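In what follows, a structure is listed as structure tokens, so that the remarks can point back to it.
For ligands, and for the atoms within them, numbers begin at 1 and follow the listed sequence. Computed from a prediction, not measured in an experiment: that's the story for all the values here.
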Amino acid sequence: MISQDDVAATAHPCDCQRQHAAPRLLAAAAIPPRYRSCTLQDFKPGGKAPLLEAQSVSQRYVDDYVGEDGRFREAGLLYIGPPGVGKTHLAVAVLKELIGRYGVRGLFVDFTSLIHQIQSTFDPGTPVTKHHVLKPVMEAEVLVLDELGSQKPTPWVNEILYLILNNRYTSRLTTFFTTNYRLPSDMAVAESLDRAPTVESIGLLSARIPANLVSRLYEMARPVVMDADDFRRDIKMHRHGI
Ligand SMILES: Nc1ncnc2c1ncn2[C@@H]1O[C@H](COP(=O)(O)OP(=O)(O)OP(=O)(O)O)[C@@H](O)[C@H]1O
Ligand SMILES: [Mg+2]
């Protein structure tokens, strides 16, 4: 259930404006080629309860993105799970729906690539500054921040992450996260699904990002625990007839 505090003060354009702007907005979102065709409909939960739940939470999120007062939701989703369970797939699918249906200015960013991009601005003679790289990430109306916690938490990496998260938090901008690390409270969710939690085997997000950012995360996004097997491995085994 989303509270009134979760809706952002963002006006939304009329249908014709949206349809006109969608292709341009989709291109500007910088979704990587592998994920460009991902949709909520082509996500196959394969009868697994956590994946069915993740798909339906994502669908409900998109359907309820505009509150009764006409404002967009503020809190996003935090997809948590081991590799290959479809976290990025669902995050991108939601982003595409929000762009297509509501005309939001969205952006996809993979945290590791972002860190490398910022590091490359330190090369002498590069006209691009750290600010150039970070500004769109800090200001996008809707952001997918893929692979949260993927980088070794050095003070410099933590500072970059703080700039992004704190700016988005204070500006009440919607962010979707994916991560291979769990929140301490995840286990209760996994246990309630009445199955052996594979998510137990993944590390804690609090060991990868500073406590002040973990705290903001609880307000910025609702956790969606995707406790399942690696889809990439399953597909490969099927293709190889294993
Ligand atoms: N349930 C699913 N139905 C359809 N396609 C899926 C499903 N799960 C994953 N895929 C596909 O499998 C590939 C891997 O999924 P994805 O990259 O979203 O996993 P991930 O959980 O983000 O993994 P990682 O933690 O390694 O980033 C993608 O091509 C994605 O479209
Ligand atoms: Mg991913």
| Donor + acceptor pair across side chains of D123, S120 (<3.5 Å) | no
| message | Taking a cutoff of less than 4.0 Å between a non-hydrogen atom of the residue and any ligand atom, is D42 in contact with ligand 1? | response | yes
| request: List the steps, then state whether salt bridge (charged side-chain N to carboxylate O under 4.0 Å, His left out) holds for E159 with K130. | output: CA-CA 12 Å; E159 183 202 314; K130 173 175 146 187; 3.1 Å; yes
| request: Classify the side-chain pair H132/T129 by whether it contains a donor and acceptor separated by less than 3.5 Å. | output: yes
| query | Among protein heavy atoms, which sits nearest to atom 25 (O) of ligand 1, and what does the distance come to when rounded to 0.1 Å? | reply | K87 NZ, 2.7 Å
| query | Is T88 close enough that one of its N/O/S atoms sits under 2.8 Å from the Mg ion (ligand 2)? | reply | yes
| request: Please say whether R34 places an N or O atom under 3.5 Å from an N or O atom belonging to ligand 1. | output: no
| request: Note the single closest protein heavy atom to atom 22 (O) of ligand 1, along with its residue, its atom name and the distance in Å. | output: T88 OG1, 2.8 Å
| request: For C38, take its heavy atoms, then give the atoms of ligand 1 lying under 4.0 Å from any of them. | output: 31 (O)
| request: List the closest protein heavy-atom neighbour of atom 28 (C) of ligand 1: residue, atom name, distance to the nearest 0.1 Å. | output: Y35 CE2, 4.1 Å
| query | Does F122 have its ring centroid less than 6.0 Å away from the ring centroid of W156? | reply | yes
| request: Pick one of side chain, backbone, both or neither for how F43 approaches ligand 1, counting any non-hydrogen atom pair under 4.0 Å. | output: both
| query | Counting from 1, what ligand 1 atoms have a heavy atom of E147 closer than 4.0 Å? | reply | 24 (P), 27 (O)
| message | So is Q55 touching ligand 1 or not, going by heavy atoms under 4.0 Å? | response | no
| request: Using a strict cut-off of 4.0 Å, indicate which atoms of ligand 1 neighbour a heavy atom of P83. | output: 23 (O), 24 (P), 25 (O), 26 (O)
| request: For F176 and L95, run side-chain contact (heavy atoms from CB on, under 4.5 Å): C-alpha distance rounded to whole Å, both residues' side-chain angles, the deciding distance at 0.1 Å, then the answer. | output: CA-CA 8 Å; F176 294 86; L95 177 66; 5.8 Å; no
| Identity and distance of the protein heavy atom lying nearest atom 18 (O) of ligand 1 | H89 N, 2.9 Å
| Between Y65 and Y102, how do the two ring planes meet: parallel, tilted or perpendicular, split at 30° and 60°? | tilted
| Option set A91, S150, G84, A54, criterion heavy-atom distance to atom 23 (O) of ligand 1, minimum | G84
| task | May I ask you to list the atoms of ligand 1 that are less than 4.0 angstrom from any heavy atom of N180? | result | 25 (O)
| field | Separation of E139 CD from S171 OG (nearest 0.5 Å) | value | 7.5 Å
| request: Output yes when R101 and D63 qualify as a salt bridge under the 4.0 Å nitrogen-oxygen rule, no when they do not. | output: yes
| task | Return yes if a side-chain donor-acceptor contact under 3.5 Å exists between Y181 and S150, otherwise no. | result | no
| query | For atom 3 (N) of ligand 1, which protein heavy atom lies nearest, and how many Å away is it? | reply | K44 N, 2.7 Å
| Any idea which of G86, P32, G46, G81 brings a heavy atom closest to atom 15 (O) of ligand 1? | G86
| Residue portion contacting ligand 1 (non-hydrogen atoms closer than 4.0 Å) for M226 | neither
| remark: Logged contact type for Y79 with ligand 1, heavy-atom cut-off 4.0 Å, is neither
| Using the benzene-type ring in the case of Trp, are the ring centres of F43 and F231 under 6.0 Å apart? | no
| task | Give a yes or no on whether the backbone of Y169 and the side-chain of R216 come within a donor-acceptor separation of less than 3.5 Å. | result | no
| task | Could you tell me the residue and atom name of the protein heavy atom closest to atom 14 (C) of ligand 1, and the distance to it rounded to 0.1 Å? | result | R232 NE, 3.4 Å
| At what distance is the nearest protein heavy atom to atom 12 (O) of ligand 1, and which residue and atom is it? | F231 CD2, 3.3 Å
| said: Side chains of Q151 and T112: any donor to acceptor distance under 3.5 Å? | reply: yes
